[in-house]
Number of protein chains: 2
Amino acid sequence: MTEPRSLRADARRNRDAIVAAARAAFDDDEQFRFDDFAARAGVGVGTLYRHFPTREALAAAVYQGEVTALCDRARDSLQSPGENLNLFLRGFVDYVVEHAGLARTLAAVVAPAVQSDGGSQLEDTVATLMTRAVADGAIRHDVAAGAVMVVLHGIGSATDRPDWASESRAAVELLIAGLANVA
Amino acid sequence: MTEPRSLRADARRNRDAIVAAARAAFDDDEQFRFDDFAARAGVGVGTLYRHFPTREALAAAVYQGEVTALCDRARDSLQSPGENLNLFLRGFVDYVVEHAGLARTLAAVVAPAVQSDGGSQLEDTVATLMTRAVADGAIRHDVAAGAVMVVLHGIGSATDRPDWASESRAAVELLIAGLANVA
DNA sequence: TTGACAATTGGAGACGATCTCCATATTCTC
DNA sequence: GAGAATATGGAGATCGTCTCCAATTGTCAA
(Lines give C-alpha, C1' and ligand atoms only; values in the text may rest on other atoms or scores of the structure.)
Protein backbone atom coordinates (compact mmCIF):
# COMPACT_ATOMS: atom_id res chain seq x y z
CA MET A 1 0.00 0.00 0.00
CA THR A 2 2.69 2.46 0.94
CA GLU A 3 5.58 1.85 -1.44
CA PRO A 4 6.51 -1.58 -2.68
CA ARG A 5 9.41 0.09 -4.48
CA SER A 6 12.47 -0.82 -2.46
CA LEU A 7 13.99 2.11 -0.68
CA ARG A 8 17.59 2.11 0.31
CA ALA A 9 18.03 1.18 3.96
CA ASP A 10 19.03 4.65 5.13
CA ALA A 11 16.23 6.23 3.13
CA ARG A 12 13.62 4.03 4.74
CA ARG A 13 15.08 4.76 8.17
CA ASN A 14 14.93 8.49 7.58
CA ARG A 15 11.45 8.31 6.19
CA ASP A 16 10.25 6.43 9.22
CA ALA A 17 11.98 8.83 11.56
CA ILE A 18 10.26 11.75 9.89
CA VAL A 19 6.83 10.17 10.10
CA ALA A 20 7.38 9.26 13.74
CA ALA A 21 8.51 12.78 14.57
CA ALA A 22 5.56 14.26 12.76
CA ARG A 23 3.13 11.91 14.45
CA ALA A 24 4.50 12.87 17.83
CA ALA A 25 4.35 16.56 17.04
CA PHE A 26 0.79 16.34 15.72
CA ASP A 27 -0.34 14.32 18.68
CA ASP A 28 1.06 16.94 21.05
CA ASP A 29 -0.72 19.57 19.02
CA GLU A 30 2.55 21.41 18.57
CA GLN A 31 2.85 24.00 15.88
CA PHE A 32 5.87 23.57 13.63
CA ARG A 33 7.48 25.21 10.70
CA PHE A 34 7.63 22.55 8.04
CA ASP A 35 11.44 22.67 8.06
CA ASP A 36 11.43 21.93 11.77
CA PHE A 37 10.14 18.44 11.19
CA ALA A 38 13.48 17.75 9.58
CA ALA A 39 15.48 18.93 12.56
CA ARG A 40 13.16 17.03 14.83
CA ALA A 41 13.74 13.82 12.95
CA GLY A 42 17.47 14.50 12.79
CA VAL A 43 17.65 14.86 9.02
CA GLY A 44 18.29 17.71 6.62
CA VAL A 45 15.61 19.80 4.99
CA GLY A 46 16.39 18.32 1.61
CA THR A 47 15.66 14.86 2.90
CA LEU A 48 12.38 15.95 4.32
CA TYR A 49 11.32 17.48 1.03
CA ARG A 50 12.40 14.50 -1.05
CA HIS A 51 10.28 12.15 1.01
CA PHE A 52 7.37 14.51 1.50
CA PRO A 53 7.06 17.25 -1.09
CA THR A 54 4.30 18.95 0.85
CA ARG A 55 2.91 19.28 4.31
CA GLU A 56 -0.12 17.36 3.05
CA ALA A 57 2.01 14.44 1.93
CA LEU A 58 3.52 14.16 5.38
CA ALA A 59 0.17 14.42 7.08
CA ALA A 60 -1.20 11.80 4.70
CA ALA A 61 1.57 9.39 5.68
CA VAL A 62 0.78 9.84 9.35
CA TYR A 63 -2.91 9.54 8.66
CA GLN A 64 -2.31 6.36 6.73
CA GLY A 65 -0.67 4.75 9.73
CA GLU A 66 -3.44 5.80 12.07
CA VAL A 67 -6.17 4.52 9.82
CA THR A 68 -4.48 1.18 9.40
CA ALA A 69 -4.24 0.78 13.16
CA LEU A 70 -7.89 1.65 13.46
CA CYS A 71 -9.10 -0.69 10.75
CA ASP A 72 -7.11 -3.60 12.08
CA ARG A 73 -9.31 -3.55 15.15
CA ALA A 74 -12.34 -4.29 13.03
CA ARG A 75 -10.98 -7.73 12.20
CA ASP A 76 -10.57 -9.00 15.73
CA SER A 77 -14.15 -8.72 16.82
CA LEU A 78 -16.25 -11.81 17.27
CA GLN A 79 -19.67 -10.31 17.80
CA SER A 80 -22.66 -10.38 15.53
CA PRO A 81 -22.33 -8.24 12.41
CA GLY A 82 -24.57 -5.57 13.87
CA GLU A 83 -22.66 -5.36 17.13
CA ASN A 84 -19.48 -5.44 15.16
CA LEU A 85 -20.35 -2.32 13.27
CA ASN A 86 -21.46 -0.52 16.40
CA LEU A 87 -18.29 -1.49 18.20
CA PHE A 88 -16.21 -0.19 15.35
CA LEU A 89 -18.03 3.12 15.25
CA ARG A 90 -17.75 3.60 18.99
CA GLY A 91 -14.13 2.53 18.84
CA PHE A 92 -13.51 5.11 16.16
CA VAL A 93 -14.75 7.91 18.39
CA ASP A 94 -12.77 6.67 21.36
CA TYR A 95 -9.64 6.55 19.30
CA VAL A 96 -10.14 9.97 17.81
CA VAL A 97 -11.05 11.49 21.16
CA GLU A 98 -7.93 9.96 22.64
CA HIS A 99 -5.82 11.65 19.98
CA ALA A 100 -7.47 15.00 19.60
CA GLY A 101 -4.35 16.85 18.55
CA LEU A 102 -3.70 14.35 15.83
CA ALA A 103 -7.28 14.56 14.63
CA ARG A 104 -7.17 18.33 14.61
CA THR A 105 -4.00 18.52 12.58
CA LEU A 106 -4.94 15.79 10.19
CA ALA A 107 -8.39 17.17 9.60
CA ALA A 108 -6.92 20.57 8.87
CA VAL A 109 -4.25 19.39 6.51
CA VAL A 110 -5.06 16.05 5.06
CA ALA A 111 -8.44 16.52 3.41
CA PRO A 112 -7.52 16.38 -0.26
CA ALA A 113 -4.94 13.65 0.15
CA VAL A 114 -7.33 11.42 2.00
CA GLN A 115 -9.17 10.27 -1.09
CA SER A 116 -6.18 8.37 -2.33
CA ASP A 117 -4.87 6.01 0.29
CA GLY A 118 -5.95 5.78 3.87
CA GLY A 119 -9.28 7.38 3.22
CA SER A 120 -10.51 4.57 1.08
CA GLN A 121 -9.09 2.06 3.53
CA LEU A 122 -11.30 3.46 6.25
CA GLU A 123 -14.25 3.64 3.92
CA ASP A 124 -13.72 0.08 2.77
CA THR A 125 -13.76 -1.11 6.34
CA VAL A 126 -16.95 0.74 7.08
CA ALA A 127 -18.53 -0.52 3.88
CA THR A 128 -17.63 -4.11 4.65
CA LEU A 129 -18.99 -3.93 8.18
CA MET A 130 -22.16 -2.35 6.90
CA THR A 131 -22.68 -4.92 4.17
CA ARG A 132 -22.42 -7.71 6.71
CA ALA A 133 -24.78 -5.96 9.10
CA VAL A 134 -27.28 -5.46 6.31
CA ALA A 135 -27.08 -9.14 5.36
CA ASP A 136 -27.75 -9.96 8.97
CA GLY A 137 -30.77 -7.73 9.02
CA ALA A 138 -29.25 -5.58 11.73
CA ILE A 139 -29.33 -2.27 9.86
CA ARG A 140 -31.20 -0.63 7.02
CA HIS A 141 -30.15 -1.57 3.54
CA ASP A 142 -30.74 1.83 2.01
CA VAL A 143 -27.81 3.71 3.50
CA ALA A 144 -24.51 4.02 1.68
CA ALA A 145 -21.19 3.95 3.50
CA GLY A 146 -20.55 7.47 2.24
CA ALA A 147 -23.24 8.90 4.48
CA VAL A 148 -21.58 7.31 7.48
CA MET A 149 -18.23 8.64 6.33
CA VAL A 150 -19.60 12.15 6.31
CA VAL A 151 -20.60 11.79 9.95
CA LEU A 152 -17.21 10.34 10.88
CA HIS A 153 -15.68 13.26 9.05
CA GLY A 154 -17.60 15.58 11.29
CA ILE A 155 -16.26 13.89 14.36
CA GLY A 156 -12.72 14.22 13.13
CA SER A 157 -13.04 17.85 12.24
CA ALA A 158 -15.11 19.30 15.05
CA THR A 159 -12.25 19.08 17.52
CA ASP A 160 -12.45 22.76 18.32
CA ARG A 161 -15.86 22.54 19.90
CA PRO A 162 -15.58 22.91 23.66
CA ASP A 163 -17.56 19.78 24.38
CA TRP A 164 -16.35 17.86 21.40
CA ALA A 165 -15.66 14.51 23.05
CA SER A 166 -19.10 13.93 24.51
CA GLU A 167 -20.82 15.47 21.52
CA SER A 168 -18.96 13.11 19.24
CA ARG A 169 -20.06 10.13 21.26
CA ALA A 170 -23.61 11.42 21.10
CA ALA A 171 -23.30 11.87 17.36
CA VAL A 172 -22.26 8.25 16.97
CA GLU A 173 -25.22 7.06 19.01
CA LEU A 174 -27.42 9.19 16.79
CA LEU A 175 -25.81 7.57 13.79
CA ILE A 176 -26.32 4.09 15.16
CA ALA A 177 -29.95 4.92 15.91
CA GLY A 178 -30.43 6.22 12.39
CA LEU A 179 -28.95 3.07 10.91
CA ALA A 180 -31.12 0.75 12.97
CA ASN A 181 -33.49 -1.39 11.00
CA VAL A 182 -36.96 -0.15 11.78
CA ALA A 183 -38.75 -2.62 9.50
CA MET B 1 -23.07 41.17 17.23
CA THR B 2 -20.27 42.30 14.97
CA GLU B 3 -19.06 45.61 16.35
CA PRO B 4 -21.32 48.08 18.06
CA ARG B 5 -18.34 50.42 18.21
CA SER B 6 -18.94 53.04 15.53
CA LEU B 7 -16.54 52.81 12.64
CA ARG B 8 -15.75 55.84 10.57
CA ALA B 9 -17.75 55.87 7.35
CA ASP B 10 -14.80 55.14 5.07
CA ALA B 11 -13.60 52.42 7.39
CA ARG B 12 -16.94 50.65 7.33
CA ARG B 13 -17.06 50.96 3.55
CA ASN B 14 -13.62 49.43 3.18
CA ARG B 15 -14.38 46.69 5.61
CA ASP B 16 -17.51 45.74 3.74
CA ALA B 17 -15.70 45.82 0.42
CA ILE B 18 -13.06 43.45 1.75
CA VAL B 19 -15.61 41.00 3.09
CA ALA B 20 -17.55 41.10 -0.16
CA ALA B 21 -14.40 40.50 -2.19
CA ALA B 22 -13.39 37.63 0.06
CA ARG B 23 -16.82 36.05 -0.10
CA ALA B 24 -16.76 36.18 -3.87
CA ALA B 25 -13.27 34.72 -4.02
CA PHE B 26 -14.12 31.92 -1.59
CA ASP B 27 -17.31 31.08 -3.41
CA ASP B 28 -15.40 30.78 -6.68
CA ASP B 29 -12.91 28.57 -4.90
CA GLU B 30 -10.11 30.85 -6.02
CA GLN B 31 -6.77 30.66 -4.32
CA PHE B 32 -5.41 34.00 -3.19
CA ARG B 33 -2.42 35.41 -1.46
CA PHE B 34 -3.75 37.17 1.57
CA ASP B 35 -2.46 40.49 0.27
CA ASP B 36 -4.45 40.01 -2.91
CA PHE B 37 -7.71 40.39 -1.08
CA ALA B 38 -6.68 43.98 -0.52
CA ALA B 39 -6.08 44.66 -4.20
CA ARG B 40 -9.32 42.90 -5.04
CA ALA B 41 -11.26 45.11 -2.69
CA GLY B 42 -9.43 48.20 -3.93
CA VAL B 43 -7.72 48.98 -0.65
CA GLY B 44 -4.15 48.92 0.61
CA VAL B 45 -2.56 46.03 2.43
CA GLY B 46 -2.40 48.00 5.62
CA THR B 47 -6.14 48.50 5.59
CA LEU B 48 -6.73 44.82 5.09
CA TYR B 49 -4.53 43.96 8.04
CA ARG B 50 -6.04 46.54 10.32
CA HIS B 51 -9.52 45.19 9.75
CA PHE B 52 -8.54 41.53 9.64
CA PRO B 53 -5.30 40.70 11.41
CA THR B 54 -5.37 37.13 10.12
CA ARG B 55 -6.80 35.06 7.35
CA GLU B 56 -8.99 33.42 9.98
CA ALA B 57 -10.48 36.72 11.05
CA LEU B 58 -11.48 37.45 7.48
CA ALA B 59 -12.94 33.99 6.97
CA ALA B 60 -14.84 34.34 10.23
CA ALA B 61 -16.42 37.57 9.03
CA VAL B 62 -17.56 35.91 5.83
CA TYR B 63 -18.79 32.89 7.74
CA GLN B 64 -20.73 35.14 10.05
CA GLY B 65 -22.66 36.60 7.13
CA GLU B 66 -23.43 33.19 5.69
CA VAL B 67 -24.67 31.78 8.92
CA THR B 68 -26.94 34.73 9.51
CA ALA B 69 -28.49 34.29 6.09
CA LEU B 70 -29.00 30.63 6.83
CA CYS B 71 -30.53 31.09 10.25
CA ASP B 72 -32.93 33.74 9.04
CA ARG B 73 -34.65 31.10 6.97
CA ALA B 74 -35.55 29.17 10.08
CA ARG B 75 -37.87 31.94 11.18
CA ASP B 76 -40.08 32.04 8.10
CA SER B 77 -41.34 28.51 8.22
CA LEU B 78 -44.89 27.79 9.23
CA GLN B 79 -44.84 24.02 9.51
CA SER B 80 -45.08 21.91 12.60
CA PRO B 81 -42.03 22.02 14.89
CA GLY B 82 -40.88 18.61 13.68
CA GLU B 83 -41.20 19.50 10.01
CA ASN B 84 -39.58 22.81 10.77
CA LEU B 85 -36.46 21.18 12.07
CA ASN B 86 -36.28 18.77 9.17
CA LEU B 87 -36.72 21.57 6.68
CA PHE B 88 -33.95 23.52 8.29
CA LEU B 89 -31.58 20.59 8.24
CA ARG B 90 -32.33 19.81 4.61
CA GLY B 91 -32.06 23.48 3.78
CA PHE B 92 -28.68 23.58 5.43
CA VAL B 93 -27.36 20.86 3.15
CA ASP B 94 -28.84 22.45 0.08
CA TYR B 95 -27.24 25.75 0.95
CA VAL B 96 -23.86 24.24 1.67
CA VAL B 97 -23.95 22.09 -1.45
CA GLU B 98 -24.83 25.14 -3.48
CA HIS B 99 -21.79 26.95 -2.12
CA ALA B 100 -19.21 24.23 -2.02
CA GLY B 101 -16.24 26.51 -2.56
CA LEU B 102 -17.31 28.68 0.31
CA ALA B 103 -17.82 25.67 2.55
CA ARG B 104 -14.46 24.25 1.63
CA THR B 105 -12.59 27.43 2.37
CA LEU B 106 -14.46 28.23 5.52
CA ALA B 107 -14.13 24.73 6.89
CA ALA B 108 -10.40 24.82 6.24
CA VAL B 109 -9.78 28.18 7.79
CA VAL B 110 -12.46 29.15 10.19
CA ALA B 111 -12.57 26.35 12.73
CA PRO B 112 -11.17 28.05 15.83
CA ALA B 113 -12.91 31.35 15.18
CA VAL B 114 -16.28 29.69 14.81
CA GLN B 115 -16.83 29.23 18.51
CA SER B 116 -17.13 32.92 19.13
CA ASP B 117 -19.69 34.45 16.85
CA GLY B 118 -21.43 32.79 13.99
CA GLY B 119 -20.92 29.33 15.35
CA SER B 120 -23.09 29.86 18.34
CA GLN B 121 -25.66 31.58 16.20
CA LEU B 122 -26.06 28.45 14.14
CA GLU B 123 -26.07 26.28 17.21
CA ASP B 124 -28.66 28.45 18.90
CA THR B 125 -30.94 28.11 15.93
CA VAL B 126 -30.57 24.35 15.88
CA ALA B 127 -31.11 24.17 19.63
CA THR B 128 -34.25 26.26 19.44
CA LEU B 129 -35.72 24.18 16.63
CA MET B 130 -34.90 21.02 18.52
CA THR B 131 -36.41 22.22 21.76
CA ARG B 132 -39.67 22.99 19.99
CA ALA B 133 -39.68 19.66 18.22
CA VAL B 134 -39.08 17.87 21.49
CA ALA B 135 -41.94 19.76 23.12
CA ASP B 136 -44.13 18.71 20.25
CA GLY B 137 -43.13 15.09 20.71
CA ALA B 138 -41.65 14.96 17.23
CA ILE B 139 -38.12 13.97 18.19
CA ARG B 140 -36.29 12.29 21.03
CA HIS B 141 -35.64 14.39 24.08
CA ASP B 142 -32.27 12.84 24.90
CA VAL B 143 -30.17 14.34 22.13
CA ALA B 144 -28.25 17.56 22.60
CA ALA B 145 -27.87 20.10 19.83
CA GLY B 146 -24.13 19.55 19.96
CA ALA B 147 -24.47 16.07 18.49
CA VAL B 148 -26.37 17.49 15.57
CA MET B 149 -23.74 20.19 15.19
CA VAL B 150 -21.05 17.56 14.85
CA VAL B 151 -22.92 16.00 11.94
CA LEU B 152 -23.45 19.37 10.28
CA HIS B 153 -19.76 19.99 10.78
CA GLY B 154 -19.06 16.83 8.86
CA ILE B 155 -21.18 17.99 5.97
CA GLY B 156 -19.37 21.28 5.84
CA SER B 157 -15.94 19.75 5.91
CA ALA B 158 -16.26 16.69 3.73
CA THR B 159 -16.39 18.75 0.55
CA ASP B 160 -13.46 16.92 -0.93
CA ARG B 161 -15.27 13.62 -1.17
CA PRO B 162 -16.12 12.85 -4.78
CA ASP B 163 -19.77 12.22 -4.06
CA TRP B 164 -20.08 14.74 -1.32
CA ALA B 165 -23.37 16.33 -2.29
CA SER B 166 -25.47 13.17 -2.34
CA GLU B 167 -23.64 11.70 0.63
CA SER B 168 -24.37 14.82 2.61
CA ARG B 169 -28.04 14.59 1.82
CA ALA B 170 -27.97 10.96 2.86
CA ALA B 171 -26.21 11.89 6.09
CA VAL B 172 -28.94 14.37 6.91
CA GLU B 173 -31.62 11.77 6.31
CA LEU B 174 -29.70 9.47 8.59
CA LEU B 175 -29.59 12.23 11.16
CA ILE B 176 -33.31 12.86 10.87
CA ALA B 177 -33.99 9.14 11.23
CA GLY B 178 -31.79 9.01 14.30
CA LEU B 179 -33.62 11.91 15.87
CA ALA B 180 -37.04 10.45 15.26
CA ASN B 181 -39.05 9.67 18.33
CA VAL B 182 -39.31 5.89 18.53
CA ALA B 183 -41.29 5.86 21.76
C1' DT C 1 37.10 -7.42 0.55
C1' DT C 2 37.04 -3.89 -2.69
C1' DG C 3 36.00 -0.78 -6.37
C1' DA C 4 32.49 1.43 -9.11
C1' DC C 5 28.16 3.12 -9.43
C1' DA C 6 23.70 4.57 -7.85
C1' DA C 7 20.93 6.37 -4.35
C1' DT C 8 20.57 9.57 -0.73
C1' DT C 9 21.88 13.37 2.08
C1' DG C 10 22.21 18.11 4.17
C1' DG C 11 21.86 22.78 4.43
C1' DA C 12 23.08 27.41 2.23
C1' DG C 13 20.58 30.52 -0.03
C1' DA C 14 16.90 32.01 -3.54
C1' DC C 15 12.23 32.96 -3.44
C1' DG C 16 7.84 34.58 -2.23
C1' DA C 17 4.13 35.39 1.02
C1' DT C 18 3.04 37.83 5.28
C1' DC C 19 2.94 41.66 8.10
C1' DT C 20 4.71 46.35 10.16
C1' DC C 21 5.20 51.08 10.20
C1' DC C 22 4.32 55.83 9.63
C1' DA C 23 3.85 60.02 6.67
C1' DT C 24 -0.26 61.32 4.46
C1' DA C 25 -5.24 61.63 3.70
C1' DT C 26 -10.01 61.45 5.21
C1' DT C 27 -13.79 61.98 8.36
C1' DC C 28 -15.80 63.86 12.42
C1' DT C 29 -16.89 67.47 15.96
C1' DC C 30 -17.78 71.87 17.45
C1' DG D 1 -13.68 75.65 8.59
C1' DA D 2 -10.14 74.40 12.07
C1' DG D 3 -8.39 70.97 14.95
C1' DA D 4 -8.57 66.35 16.71
C1' DA D 5 -9.26 61.77 15.86
C1' DT D 6 -9.30 58.11 12.85
C1' DA D 7 -8.04 55.58 8.79
C1' DT D 8 -5.14 54.82 4.67
C1' DG D 9 -1.63 52.64 1.56
C1' DG D 10 2.29 50.53 0.11
C1' DA D 11 7.54 50.19 0.55
C1' DG D 12 10.28 47.16 2.67
C1' DA D 13 11.60 44.09 6.68
C1' DT D 14 10.76 39.49 8.12
C1' DC D 15 10.33 34.72 8.01
C1' DG D 16 8.70 30.25 6.31
C1' DT D 17 9.10 27.37 2.04
C1' DC D 18 11.54 24.96 -1.24
C1' DT D 19 15.60 24.11 -4.73
C1' DC D 20 19.96 22.59 -5.90
C1' DC D 21 24.17 20.09 -6.00
C1' DA D 22 28.78 18.75 -3.94
C1' DA D 23 29.62 15.38 -0.59
C1' DT D 24 28.28 11.09 1.61
C1' DT D 25 26.55 6.52 2.16
C1' DG D 26 24.73 2.09 0.70
C1' DT D 27 24.68 -1.69 -2.76
C1' DC D 28 26.46 -5.27 -5.50
C1' DA D 29 29.29 -7.70 -8.83
C1' DA D 30 33.65 -9.57 -9.17
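Convention: sequence-line order gives letters A, B, ...; per-chain numbering from 1. Because the structure is predicted, anything quoted here is derived from the model rather than measured. Computed from heavy atoms alone, side chains included, the values below leave out hydrogens, waters and symmetry copies.
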**OP:** Find which nucleotide of DNA chain C each of B/Asp36 and A/Ala11 is nearest to by heavy atoms, and output the residue with the more 5' nucleotide.
**Re:** A/Ala11
Original post:
Whole Å only: how far is the CD1 atom of A/Ile18 from the C1' atom of C/dT9?
Top reply: 11 Å
Subject >> Terminal axes of the helix from C/dT1-D/dA30 to C/dC30-D/dG1 (five pairs each): angle between them, nearest 10 degrees >> reply: 30°
Original post:
What integer distance in Å separates B/His51:NE2 from D/dG9:P?
Top reply: 9 Å
Subject >> Integer-rounded Å distance: C/dT20 P and B/Tyr49 OH >> reply: 8 Å
Original post:
Please give, in whole Å, the distance from D/dT19 C1' to A/Leu48 CG?
Top reply: 13 Å
Subject >> Approximate separation, where rounding is to 0.5 Å, of A/Asp94 CG and A/Leu70 CG >> reply: 10.0 Å
Below 3.5 Å between N/O atoms, which protein atoms pair up with nucleotides 26-30 of chain C? Just atom names and distances, please.
unit_1: C/dT26; atom_1: O2; unit_2: B/Arg8; atom_2: NH1; d: 2.8
unit_1: C/dT26; atom_1: O2; unit_2: B/Arg8; atom_2: NH2; d: 3.0
unit_1: C/dT27; atom_1: O4'; unit_2: B/Arg8; atom_2: NE; d: 3.4
unit_1: C/dC28; atom_1: OP1; unit_2: B/Ala9; atom_2: N; d: 3.3

Original post:
Could you give the CD-to-P distance, from A/Glu56 to D/dT17, as a whole number of Å?
Top reply: 11 Å
Subject >> salt_bridge(A/Arg23, A/Asp27) N-O dist < 4.0 Å >> reply: yes
Original post:
Is the shortest side-chain N/O distance from B/Thr47 to OP1 or OP2 of D/dG9 below 4.0 Å?
Top reply: yes
Original post:
Do the side-chain N or O atoms of A/Asn14 get closer than 4.0 angstrom to the phosphate oxygens (OP1, OP2) of C/dT9?
Top reply: yes
**OP:** State whether the side chain of A/Thr47 and the backbone N or O of A/Val43 hold a donor-acceptor pair below 3.5 Å, judged by distance alone.
**Re:** no
Original post:
Does any N or O in the side chain of B/Ser80 come within less than 3.5 Å of the main-chain N or O of B/Glu83, such that one atom is a donor and the other an acceptor?
Top reply: yes
Original post:
From B/Arg15 CZ over to B/Leu48 CG, what is the distance, rounded to the nearest 0.5 angstrom?
Top reply: 11.5 Å
**OP:** Give, for atom CG of B/Leu58 and atom CZ of B/Phe32, the distance between the pair rounded to the nearest 0.5 Å.
**Re:** 11.5 Å
**OP:** Please report, rounded to the nearest Å, how far the P atom of C/dG16 is from the CZ atom of B/Phe32.
**Re:** 18 Å
Original post:
Between OG1 of B/Thr131 and CG of B/Asp124, what distance do you get to the nearest 0.5 Å?
Top reply: 10.0 Å
Subject >> Considering all heavy atoms, the nearest B/Gly156-B/Ala107 contact >> reply: O-CB, 3.5 Å
Distances under 3.5 Å only, N/O to N/O: pair up the protein atoms with those of nucleotides 12-16 of chain D.
unit_1: D/dG16; atom_1: OP2; unit_2: A/Arg33; atom_2: NE; d: 3.0
unit_1: D/dG16; atom_1: O5'; unit_2: A/Arg33; atom_2: NE; d: 3.3

Subject >> side chain to side chain contact (heavy atoms under 4.5 Å, CB included) evaluation trace for A/Val96 with A/Ser168 >> reply: CA-CA 9 Å; A/Val96 173; A/Ser168 293; over 6 Å; no
Original post:
Which residue pairs pass the salt bridge (Lys or Arg N to Asp or Glu O under 4.0 Å) test when at least one of the two sits in residues 139-155 of chain A, sequence neighbours left out?
Top reply: A/Arg140-A/Asp142
Subject >> Near-ring test B/Phe37/B/Phe52, centroid separation under 6.0 angstrom >> reply: no
**OP:** Could you tell me which non-hydrogen atom of B/Ala100 sits nearest to which non-hydrogen atom of B/Trp164, and how far apart they are?
**Re:** CB-CZ3, 3.4 Å
Original post:
Between residues 21-30 of chain A and DNA chain C, which residues have a heavy-atom gap below 4.0 Å?
Top reply: none
Original post:
Please give, in whole Å, the distance from C/dC19 C1' to B/Phe37 CZ?
Top reply: 16 Å
Subject >> Set of residues satisfying side chain to side chain contact (heavy atoms under 4.5 Å, CB included) with respect to A/Arg33, sequence neighbours excluded >> reply: A/Asp35, A/Asp36
Original post:
Of all heavy-atom pairs between A/Leu102 and A/Val62, which one has the smallest distance, and what is that distance?
Top reply: CD1-CG1, 4.3 Å
